[in-house]
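Please read the structure below before turning to the comments.
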Amino acid sequence: MKLVLIGYMGSGKSSIGKLLSSALNVPFLDLDIYIEEREGKSISALFETKGEIYFRKKEAFFLEEALKTHEKIILATGGGTPCYGTIMEDLLKLENVLIIYLQCSVATLTQRLWFQKKERPLIAHSNTKEDLHDFIRKHLFERSYFYNKAHNKILCDTFSEKEIVEKIVLQLF
Ligand code: S3P
C-alpha cells in the first residue's frame, strides 16, 4: 500500500503521517525532510540559494524516486507538491497509490501557521496575521483545484489527530 497525504502547509500531513505509520506499521517518509537530506540543505536555504524552480524540480524528482523505491509507504508531500507540472495527474495514474487530502479552513491554517512561518519561505514574510490570512485564502483557492482531485478528502478542522487517523484507517479497510 502506498498512501500519499496532500494538503496546504500546516494541514498536519507530517504528524498524521507519522501516526498512521505506527498504526499501520508502514514506513513513513516526509518529502521535505527527504529533500533536505538528499540536497544537504534546509528547504529555506534551498529556496534562498537555488530558487523555487530548482526546489520544484527536485521535489518532483524525489517524489517519483520515493514512490518507486518503496513497496509500502506513507508519504507526506510538501504543500505545493501536487500543484506543479503534471505531478497530480501522474500520481492519479499510479496503481496502488491512494491520495488523501487533509482539508483545513483558512482560519485554522492561519492560526497554526502564524507560529510556524519562519521555516516556510512562502509565508515567512507575512508581517501580520491579517496579511497571512489573506495570502492563505488566495493561495489555497488556487491550489484547491489540485487538492480536490485526491481520491479521498478528510475535513480536519474539528477533529483531533487521533480521530483523523481513525477516519483514514476506516477508509482503507
Ligand atoms: C511548500 C510547503 C512546504 C515546503 C516548501 C513549499 C508549499 O511543506 O515543501 O516550503 O509550496 O506549500 P509543508 O507543507 O510541509 O510546510
### Message
Run Lys68 and Glu65 through salt bridge (Lys or Arg N to Asp or Glu O under 4.0 Å) and show every step you take.
### Response
CA-CA 5 Å; Lys68 261 192 197 150; Glu65 181 183 271; over 6 Å; no
For [X] versus [Y], what's the shortest heavy-atom pair and its separation?
{"X": "Leu113", "Y": "Met9", "answer": "CD1-O, 3.3 Å"}
{"X": "Gly10", "Y": "Arg120", "answer": "N-NH2, 3.8 Å"}
{"X": "Pro121", "Y": "Ser44", "answer": "CD-OG, 4.0 Å"}
{"X": "Ile6", "Y": "Ala150", "answer": "CD1-CB, 4.0 Å"}
{"X": "Ile87", "Y": "Pro82", "answer": "CG2-CA, 4.0 Å"}

Calculate, to the nearest 0.5 Å, the distance between atoms [atom1] and [atom2] belonging to [X] and [Y] respectively.
{"X": "Lys2", "Y": "Leu67", "atom1": "NZ", "atom2": "CG", "answer": "6.0 Å"}
{"X": "Lys13", "Y": "Thr81", "atom1": "NZ", "atom2": "OG1", "answer": "7.5 Å"}
{"X": "Thr86", "Y": "Lys93", "atom1": "OG1", "atom2": "NZ", "answer": "7.0 Å"}
{"X": "Leu140", "Y": "Tyr147", "atom1": "CG", "atom2": "OH", "answer": "7.0 Å"}
{"X": "Ile100", "Y": "Leu20", "atom1": "CD1", "atom2": "CG", "answer": "7.0 Å"}

### Task
Check whether any side-chain N or O of Lys117 sits under 3.5 Å from a backbone N or O of Ser126 as a donor-acceptor pair, and report yes or no.
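Yes, because the side chain of Lys117 sits within donor-acceptor range (under 3.5 Å) of the backbone of Ser126.
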### Message
For Ser105, is there any backbone N or O sitting under 3.5 Å from a side-chain donor or acceptor partner on Asp157?
### Response
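Checked: pair present.
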### Message
I'd like to know whether Lys162 forms a salt bridge (Lys or Arg N to Asp or Glu O under 4.0 Å) with Glu166, so could you lay out the CA-CA distance, the side-chain angles of the two residues, the decisive distance to 0.1 Å, and finally the verdict.
### Response
CA-CA 6 Å; Lys162 189 167 168 274; Glu166 280 166 9; 3.4 Å; yes
### Task
Classify the angle between the aromatic ring planes of Phe62 and Tyr34 as parallel (below 30°), tilted (30 to 60°) or perpendicular (above 60°).
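Geometry flag for Tyr34 against Phe62: perpendicular rings.
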